[in-house]
Amino acid sequence: MFETQYNDEMEAEVRRLEAKKRAADAGHPEWVNACARCGCELQSPDVTTCSHCS
């Protein structure tokens, strides 16, 4: 049980860090996330592309 919870938390942290890196790469380190294709701001770290690009 502990291992599953730890894995879930680590996966969430990796998604958050990847989202923050996409935002920084788009030129906006203050954003939470940026679209991987067009670079627009995304509010959630759980997605990689905006609705327009997906």
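Model, not experiment: these values are computed from the prediction.
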K.L.:
Distance-only criterion, 3.5 Å: show the donor-acceptor pairs between side-chain atoms of residues 30-41 and protein atoms not counting sequence neighbours.
P.N.:
{"from": "E30", "atom 1": "OE2", "to": "H28", "atom 2": "ND1", "distance (Å)": "3.4"}
{"from": "N33", "atom 1": "OD1", "to": "R22", "atom 2": "NE", "distance (Å)": "3.3"}
{"from": "N33", "atom 1": "OD1", "to": "R22", "atom 2": "NH2", "distance (Å)": "3.2"}
{"from": "N33", "atom 1": "ND2", "to": "S44", "atom 2": "O", "distance (Å)": "2.8"}
{"from": "N33", "atom 1": "ND2", "to": "V47", "atom 2": "O", "distance (Å)": "2.7"}
{"from": "R37", "atom 1": "NH1", "to": "C53", "atom 2": "O", "distance (Å)": "2.8"}

K.L.:
Find out whether K21 and D25 are in side-chain contact, i.e. whether some heavy atom of one side chain is under 4.5 Å from a heavy atom of the other.
P.N.:
yes
K.L.:
Pair up each side-chain donor or acceptor in residues 7-14 with any protein partner under 3.5 Å, not counting sequence neighbours, and list the distances.
P.N.:
{"from": "N7", "atom 1": "ND2", "to": "E3", "atom 2": "O", "distance (Å)": "3.4"}
{"from": "E9", "atom 1": "OE2", "to": "Q5", "atom 2": "NE2", "distance (Å)": "3.1"}
{"from": "E13", "atom 1": "OE1", "to": "R16", "atom 2": "NE", "distance (Å)": "3.2"}
{"from": "E13", "atom 1": "OE2", "to": "R16", "atom 2": "NH2", "distance (Å)": "2.7"}

